[in-house]
Amino acid sequence: MQKPSNARGTRDFGPKEMAKRNYVFNIIRKHFEQFGFQSIETPAIENLSTLTGKYGDEGDQLLFKILNSGDYLSKLSEQDFQEGSKKFTYKVSEKGLRYDLTVPFARFVSMNRNDLAFPFRRYQIQPVWRADRPQKGRYREFYQCDADIIGSNSLLNEAELITLFQAIFSSLHLKANLVINSRKVLAGVVDVIGMTDHFMDFAVAIDKLDKIGWEAVSKELADKGFSLDQCQVLADLIVFEGNNLAKIDRLRAFFNGNDLGLAGIKEIEDVLKFIQQNGFDNTNIVFDYRLARGLSYYTGLIFEGKAIDIPFGSIAGGGRYDNLTTDFGLPNMSGVGLSFGIERMIDVMDALNLFPNIPVSGSKVLFAYFDEEGQTQAFQYVNELRRQGIPSEIYPEMGKIKKPFEFADKKKIPYVAVLGEQELLQNKLNLKNMESGEQELLSLQELIQKF
RNA sequence: GCGGUUGUAGCUCACUCGGUUAGAGCACUGGUUUGUGGUACCAGGGGUAGUGGGUUCGAAUCCCAUCAUCCGCCCCA
C-alpha cells in the first residue's frame, strides 16, 4: 500500500471548503453577468507554441509541459540529446497546461474574430497551472476569475472594471483598495531619467517597494545599471505622499513635456473623473505610481486589489494590453481585463472571519425508520418533499436509530423525521428539530407547510 | 533554479542524556442507552518513527543519502 498524498502544490476541497468557494464563485459570477460579460471556457491543454514567449523567460520555465504520446524518443537523434534539456524539452513536448486565462483568451478571440460582437466582454472562471515552488498563498493549481473587454480603446472600459471590482468586494464585505497606475507613467519616469531601455528592470524592482523597502530597491536598480544620481531622482519622487490629486500634480511637474508620461497621467485623471462624476465612491481608489505589476503584456492602465485590514499581497489584478492578439495574427485589438484570485480572497476572508454561516449540506430533512415498512413510506415521503422543492434525504441503512441521528448531526441537517410503528399507524411522522431538541408529530402535509 | 526548516497513529503534537512494551488530545469503533444526535463516563482498534544506509551492546533520538514538507529568494495570483 502506498501512502496517499496530493501532488505537490495541489489541494483537495472537501464539502466545507467547497461551500466557501462556491459562495465566492457565485458572487463573482453574478456580478460578471450583471455587467454583461459572457461566459467562455477554453481547454486546460494548449499547444505549447501558444503559451511560450508570452510570459517572459521565467514564465516559460514555469509552464507545465506534457510529454508527447507514443514513442516520443523515436524521432530523436543523439544530437538532440546533446543540445541540453531546454531545447530537448520542446522536442518531446508539444502541449502544455494553461498558465493564465488571458493568453488562451487572446487565442480564442483571434480564432473567432468573425463571429464575436466587438467590443467583446467575456468572463472565464477556470483553474490554471504553474510549475512554481509552492509557498504560502501560492499553489501549483489555482483558479482565476477573469473579466476582459477587448476591441475598444475607450477608458470607459477601465471605469467599468473599477466599478465591477467595487461591486464584488462590497458584496463580499471585503474591504480592499484598488491601486491604479499606468504603464505609461512608469515608462515616462524611466524616459525622463534617460533609462528608457531599462523599463522592465525598473518595473520589476519598483514592484517590490512595499515588501523590501526603498533601500533594497535602489540597490537592485544600481545593480541593473542605474546611476546614483538617477536613483536619487527616483527617491525624491517615491517619498512623495499625498492624495490622488496631489500625486497627479507632482508627476505632471516631473514630466514637464514628456508626452508618454503626460499621456499616462491623463489616463489616470480621466478614469478617476469618470468614477467621480457618476457618483461612484472613489475613496478606495489609490493612484500609486509605484505600482508596476509583473506581467509584461500590459501597456496602459494597471490595477491591483489589496485587502485593507490585512497585509496579504494582491488579491486581484489587471490592466490594459494593446498587443496580446498580435502574436495570433490579429493586430490593433486593444483590451483591458481584471482578474480575481479566489484562493487568496478566501484566505483573507477566513483571516477576517467574513464568511456568513454557510450550510455545508443543503438537506433540510433526513428520514429515519426501523423496518421495511418504514423504509417504503420514507422513500415516498422524501421524494414528495423533493417534488415540493425541499432538499431532503433518506438514511439508507436499517438498524440502530442512533445512526441516522449521528449522521444528521455531523452533516448539520436541521430536522430528522422518524417513521416508526406508531407513526405509521397514524400516517404521521415524528419530526425532531436537531438544534432545539423538540419533537412533534406531523402529517406529511404539515411537514411541507413548515418550509 | 538557490538558501534554510520540519518529517512519530487518520489529524495536531509529546517522548529529558541514545536505554524496557513509543504516549496524549481530537477523530474512529463498541458500550452505559434495542425509539433519539450534539454533553458525560467506560472500553477498544490503530504506529516497521518518510525511505534507504551507517555508527552503537542498544537509534524516534547521532551521522550520511534520498524523498516529501513548510518558510525565504527569484517570479507571481
Side-chain angles (χ1 to χ4, degrees), chain A residues 1-11 14 55-63 85-86 98-102 125-146 200-201 203-205 207-208 211-212 216 220 223 292-296 298 303-307 312-319 337-348 366-371 374 395 398-424 429-439 441:
Chain A
M1 190 197 88
Q2 65 176 38
K3 195 174 181 179
S5 73
N6 287 88
R8 190 166 204 201
T10 66
R11 301 153 299 160
Y55 311 104
D57 282 349
E58 297 278 354
D60 286 354
Q61 296 295 310
L62 298 180
L63 287 171
S85 56
K86 217 167 181 179
R98 74 167 100 79
Y99 178 89
D100 70 0
L101 300 178
T102 310
I125 299 177
Q126 289 191 273
V128 302
W129 295 269
R130 298 184 186 178
D132 207 346
R133 191 112 171 206
Q135 269 171 50
K136 191 186 181 74
R138 195 156 159 186
Y139 306 99
R140 285 186 153 184
E141 177 184 70
F142 61 96
Y143 270 74
Q144 289 191 330
C145 310
D146 276 30
M200 273 319 283
D201 289 336
V204 166
D207 205 35
K208 296 175 205 159
K211 215 167 161 186
I212 63 177
E220 185 169 331
D223 289 345
R293 291 195 58 72
L295 287 180
S296 43
Y298 294 122
F303 337 91
E304 198 159 283
K306 284 187 175 157
F312 209 95
S314 64
I315 49 180
L338 191 53
S339 175
F340 294 86
I342 184 164
E343 355 277 322
R344 285 191 181 172
M345 286 165 72
I346 288 173
D347 285 346
V348 170
L366 176 74
F367 283 88
Y369 47 84
F370 297 91
D371 49 26
Y395 195 77
M398 246 175 286
K400 292 192 174 146
I401 197 69
K402 192 178 174 143
K403 291 290 172 192
F405 279 93
E406 279 176 357
F407 180 76
D409 187 56
K410 262 189 198 159
K411 272 185 90 176
K412 297 280 170 264
I413 299 174
Y415 293 98
V416 175
V418 180
L419 290 168
E421 204 177 337
Q422 300 143 41
E423 289 85 356
L424 288 171
L429 51 87
N430 200 344
L431 189 74
K432 176 160 181 171
N433 180 325
M434 292 297 282
E435 203 182 334
S436 69
E438 284 163 19
Q439 301 198 50
L441 202 59

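In what follows, every chain begins at residue 1, and chains take the letters A, B, ... in the order their sequences are listed.
Each of A:Y139 and A:R8 lies near RNA chain B, and the nucleotide nearest A:R8 is the one positioned closer to the 5' end.
Cation-pi contact between A:R11 and A:Y139: present, with separation from the ring centre below 6.0 Å and deviation from the ring axis of at most 45°.
Side-chain proximity of A:D409 to the nucleotides B:rC28, B:rG37, B:rA77 is greatest for B:rG37. Side-chain proximity of A:R133 to B:rU32, B:rC2, B:rC75: nearest is B:rC2. For A:Q422, counting side-chain heavy atoms from C-beta on, the closest listed nucleotide (B:rG35, B:rC28, B:rG37) is B:rG35. If you check B:rC28, B:rG35, B:rG37 against the side chain of A:F405, the one that comes closest is B:rG37.
Below the 3.5 angstrom threshold, one finds a donor paired with an acceptor across the side chain of A:Q439 and the base of B:rU36. Side-chain atoms of A:E423 come within donor-acceptor range of the base of B:rG35, with a qualifying N/O pair under 3.5 Å.
At the phosphate of B:rU34, neither OP1 nor OP2 sits under 4.0 Å from any side-chain N or O atom of A:K403. One finds a side-chain N or O of A:K208 lying less than 4.0 angstrom from the OP1 or OP2 phosphate oxygen of B:rC75. For the pair A:R138 and B:rC71, the criterion of a side-chain N or O lying under 4.0 Å from OP1 or OP2 is not met. Of the side-chain N and O atoms in A:K400, none sit less than 4.0 angstrom from OP1 or OP2 of B:rU36.
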Let me see the working for A:R8 and A:R133 under side-chain contact (heavy atoms from CB on, under 4.5 Å), right down to the final yes or no. CA-CA 9 Å; A:R8 190 166 204 201; A:R133 191 112 171 206; 4.0 Å; yes
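With centroids closer than 5.5 Å and planes inclined by less than 30 degrees as the test, A:F370 and the base of B:rG35 fail to qualify as a stacked pair.
If you check B:rG25 for Watson-Crick or wobble pairing at under 3.5 angstrom, you find it paired to B:rC11. Within the shown strands, B:rU32 is the pairing partner of B:rA40 under the Watson-Crick or G-U definition, both distances less than 3.5 Å.
Residue A:G399 is out of contact with every strand shown, counting any heavy-atom pair closer than 4.0 Å.
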